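Throughout, residue positions are numbered sequentially from 1 according to the sequence presented. Computed from a predicted structure; not experimentally measured. Values below: all heavy atoms of this structure, side chains included; hydrogens, waters and symmetry mates excluded.
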Amino acid sequence: MANSYLNRTPSGAGNRKTFTISAWIKRSSFEKYGRIIASYVDDNNRDESFFHETSQKFYFESVSSSTQVVNMVTTRVFRDTNAWYHLVVAVDTTQGTASNRVKIYVNGVQETAFDTETYPSQNYDFNLNNNIIHYIGRSGYQSGTNSYFNGYMSHVAFVDGQALAPTVFGQTDSTSGIWKFKPPSGVTWGTNGFHLKMENSGALGTDSSGNTNTFTVNGNLKQTIDTPSNVYPTLNVPAQTESNTLIVNGNLTFHMTADAGQRMYISTLGVDTGKWYFEAKLVAKGNTGGSVPYIGAYAYDNYTNTYVGSGNGVGYNINGNVYLLSNDLGASGTTYDNGDIIGCALDVTNSKIYFHKNGTYINSGNPSSGSNGYDISTLTAKGTLGFAVSLYDNNGNWDLNYGAGLFGKTVITSAGSNGNGSLFEYDVPTGFYALNTKNLNTYG
């Protein structure tokens, strides 16, 4: 979020020549500078690791006396806003070979191709690990929203005095071959080392290394159950980036900033079988001078910028109508308005969809028993489906909850039943599941 970060000033300097940074991150947008960790004396003396908006590449730099002493810019780009990336920067400036002084790993693999590759001199002292202010999730250098990392973080670690391999913090899954989180064990953290698991919602800056190097929480930082071990979808920014729209709050809020015709966004995860559920809150319907907000499902293979019920989707709008492939299936008699929570139960296996308003299903639908659902067989024939919402007018706003327990940045007020570990406002129908990687592996 654009005002949230952690900070700490060590009481004394640690080993500024040798250390390791490890962080699991999930990007939400391509902001100008997505800061991960930074140390700051002033604009002319600082260290930072970040993603850059224009290039979408990973940067690691050290500036000393206004000179960019270290400048590492990957050739590879990082555009996936649904994936968790594991980043490791291992530093040891005592090494005689320059390329051994800074090693960057992403998901367990060392980056060897760089657009810019400026290594520190031998025995160079970084600003990191000095007794100056350190930030996680922002920089002291830039002002405004450019300072902040927009996305999710988990298990941010710093090891003082050792340049470690990524296998200390992650491992390859023997079945899937995917790089996954591994709890670090047997680590000698050093004086200023820390391990922020972010598992305590009331104290996200707590250090679990044993050093009690706890960070101060600033802003509206929120905890989520979207983790490297179980990934939940968000709104898919790369699939549809349109003018006059804002996708914020961890890509769980869709806001229109001007009257610009229909705008639609779809989930980063999709399905072609199984039974799935999600919720969204209509925060503001907008001016509604033209068309109206919709919620529903849309086919990835036929994705266009339009309203959810048109073209290759099915959607329920605020007037109570359900549209399938641009055809009006009739008024349900149940309209909705600002503040209402709409649930969507998508049965891809049986080609049915159900909608509820604040827990009561329209059209007398009962997804648990399979009765009175809308037939969407013409839609499921078009391929993989994702959950989607659309808006038309200025100031329109949807907040989504795919099961991680947040409508945008607002925590759900009460958890329904049958969540199977996921958190929704209302009961999940029997046999339906939140859309996440664990459930896809089991029920998809």
Side-chain angles (χ1 to χ4, degrees), residues 7-23 33-52 55 57-76 86-106 109-142 149 156-166 168-169 187-195 209 211 213 215:
N7 72 278
R8 176 180 178 270
T9 302
S11 58
N15 191 328
R16 297 166 59 192
K17 296 179 175 64
T18 307
F19 53 84
T20 305
I21 302 165
S22 172
Y33 297 103
R35 264 67 179 214
I36 299 167
I37 188 169
S39 62
Y40 185 76
V41 178
D42 52 40
D43 290 358
N44 302 318
N45 296 275
R46 65 189 191 278
D47 294 342
E48 298 184 303
S49 63
F50 59 91
F51 289 103
H52 192 273
S55 67
K57 298 175 180 181
F58 178 66
Y59 284 58
F60 179 68
E61 69 171 16
S62 177
V63 177
S64 180
S65 301
S66 302
T67 300
Q68 199 171 36
V69 177
V70 180
N71 187 20
M72 309 293 293
V73 181
T74 64
T75 299
R76 192 153 67 108
H86 180 216
L87 299 173
V88 171
V89 180
V91 172
D92 184 357
T93 66
T94 68
Q95 294 291 320
T97 302
S99 59
N100 289 333
R101 295 171 195 158
V102 176
K103 295 179 180 179
I104 296 173
Y105 303 86
V106 180
V109 178
Q110 185 175 353
E111 295 293 307
T112 56
F114 296 92
D115 287 352
T116 304
E117 195 172 4
T118 305
Y119 291 99
S121 60
Q122 191 170 21
N123 295 315
Y124 173 73
D125 283 320
F126 276 79
N127 296 304
L128 280 162
N129 212 11
N130 202 354
N131 59 332
I132 57 177
I133 192 166
H134 286 59
Y135 296 101
I136 294 173
R138 69 154 289 176
S139 167
Y141 174 53
Q142 296 283 341
F149 175 79
V156 179
F158 183 87
V159 180
D160 180 355
Q162 295 182 82
L164 299 177
V168 173
F169 311 95
V187 175
T188 301
W189 294 95
T191 302
N192 289 329
F194 57 82
H195 180 201
S209 72
N211 281 343
N213 290 329
F215 279 64

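- Residues forming a salt bridge (Lys or Arg N to Asp or Glu O under 4.0 Å) with Asp42 (at least two apart in sequence, or on another chain): none.
- When each of His134, Arg46, Glu48 is paired with Ser39, the side chain to side chain contact (heavy atoms under 4.5 Å, CB included) condition holds for His134 and for no other.
- A distance-only check finds no donor-acceptor pair linking the side chain of Arg35 to the backbone of Phe50 [under 3.5 Å].
- Using a 30° and 60° split on the angle between ring planes, His195 and Trp189 fall in the parallel class, below 30°.
- Atoms CG and CG, from Asp160 and Asn211 in turn, are 8.5 Å apart once rounded to the nearest 0.5 Å.
- With sequence neighbours left out, Val168 forms a side-chain contact (heavy atoms from CB on, under 4.5 Å) with Leu164, Pro184, Val187.
- Qualifying salt bridge (Lys or Arg N to Asp or Glu O under 4.0 Å) partners for Lys103, counting only residues two or more places apart in sequence or in other chains: none.
- A 4.5 Å side-chain heavy-atom check between Asn127 and Ser62 finds at least one atom pair inside the cut-off.
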Let me see the working for Phe19 and Phe158 under ring pair (Phe, Tyr, Trp, His ring centres under 6.0 Å), right down to the final yes or no.
-> CA-CA 7 Å; Phe19 53 84; Phe158 183 87; 5.4 Å; yes
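- The side chain to side chain donor-acceptor pair (under 3.5 Å) check on Thr18 picks up Asp92, with sequence neighbours excluded.
- In terms of heavy atoms, Phe215 sits closest to Asn7 at CD2-C, 3.4 Å.
- Between Arg8 and Pro10, the shortest heavy-atom contact is NH1-CG, 3.5 Å.
- Minimum interatomic distance between Thr191 and Asn213 (heavy atoms only, all atoms of both residues): O-ND2, 3.1 Å.
- Put simply, OG1 on Thr9 and CG on Asn131 are 8.5 Å apart, with the number rounded to the nearest 0.5 Å.
- At least one donor-acceptor pair under 3.5 Å links the side chain of Thr74 to the backbone N or O of Arg76.
- In this structure Arg16 satisfies the salt bridge (Lys or Arg N to Asp or Glu O under 4.0 Å) test with no other residue, sequence neighbours excluded.
- Applying the salt bridge (charged side-chain N to carboxylate O under 4.0 Å, His left out) test to residues at least two apart or on different chains, the pairs with a partner in residues 119-134 are Lys17-Asp125.
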Before giving the answer on side chain to side chain donor-acceptor pair (under 3.5 Å), spell out for Thr93 and Asn123 the whole-Å C-alpha distance, their side-chain angles and the decisive distance to 0.1 Å.
-> CA-CA 5 Å; Thr93 66; Asn123 295 315; 5.0 Å; no
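- At least one donor-acceptor pair closer than 3.5 Å links the side chain of Gln122 to the backbone N or O of Thr94.
- When all heavy atoms of Ile37 and Phe194 are compared, the pair lying nearest together is CD1-CZ, 4.3 Å.
- Remark: Asn130 engages no residue in a side chain to side chain donor-acceptor pair (under 3.5 Å) (not counting sequence neighbours).
- A donor-acceptor distance shorter than 3.5 angstrom exists from the side chain of Arg101 to the backbone of Gly96, with no hydrogens or angles considered.
- Legend: residues meeting side chain to side chain donor-acceptor pair (under 3.5 Å) with Ser22, ordered by chain and number and at least two apart, are His86.
- When all heavy atoms of Asn45 and Ser65 are compared, the pair lying nearest together is OD1-N, 2.9 Å.
- Here Val89 pairs with Ile21, Phe58, Phe60, Val91, Val102, Ile104 under the side-chain contact (heavy atoms from CB on, under 4.5 Å) rule; sequence neighbours left out.
- Glu117 contributes atom CD, which lies 8.5 Å from atom OG1 of Thr112 (distance to the nearest 0.5 angstrom).
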Evaluation steps, side chain to side chain contact (heavy atoms under 4.5 Å, CB included), between Tyr119 and Val69 = CA-CA 7 Å; Tyr119 291 99; Val69 177; over 6 Å; no
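- Within the 4.5 Å cutoff, side-chain heavy atoms of Ser55 are placed close to those of Tyr59.
- Scored by the side-chain contact (heavy atoms from CB on, under 4.5 Å) test, Gln68 finds Glu61, Val63, Asn71 as partners (sequence neighbours excluded).
- Nearest heavy atom pair, residue Ser139 against residue Ala38, reads CA-CB, 4.3 Å.
- Listed by chain and number, the residues in a side chain to side chain donor-acceptor pair (under 3.5 Å) with Tyr40 are Asp43 (sequence neighbours excluded).
- Judged by distance alone, with hydrogens and angles left aside, the side-chain atoms of Asn100 form no donor-acceptor pair with the main-chain N or O of Gln95 at under 3.5 Å.
- Not counting sequence neighbours, the partners of Ala165 by the side-chain contact (heavy atoms from CB on, under 4.5 Å) test are Thr167.
- Put simply, the side chain of Thr118 does not reach to within 4.5 Å of the side chain of Met72, judged on heavy atoms.
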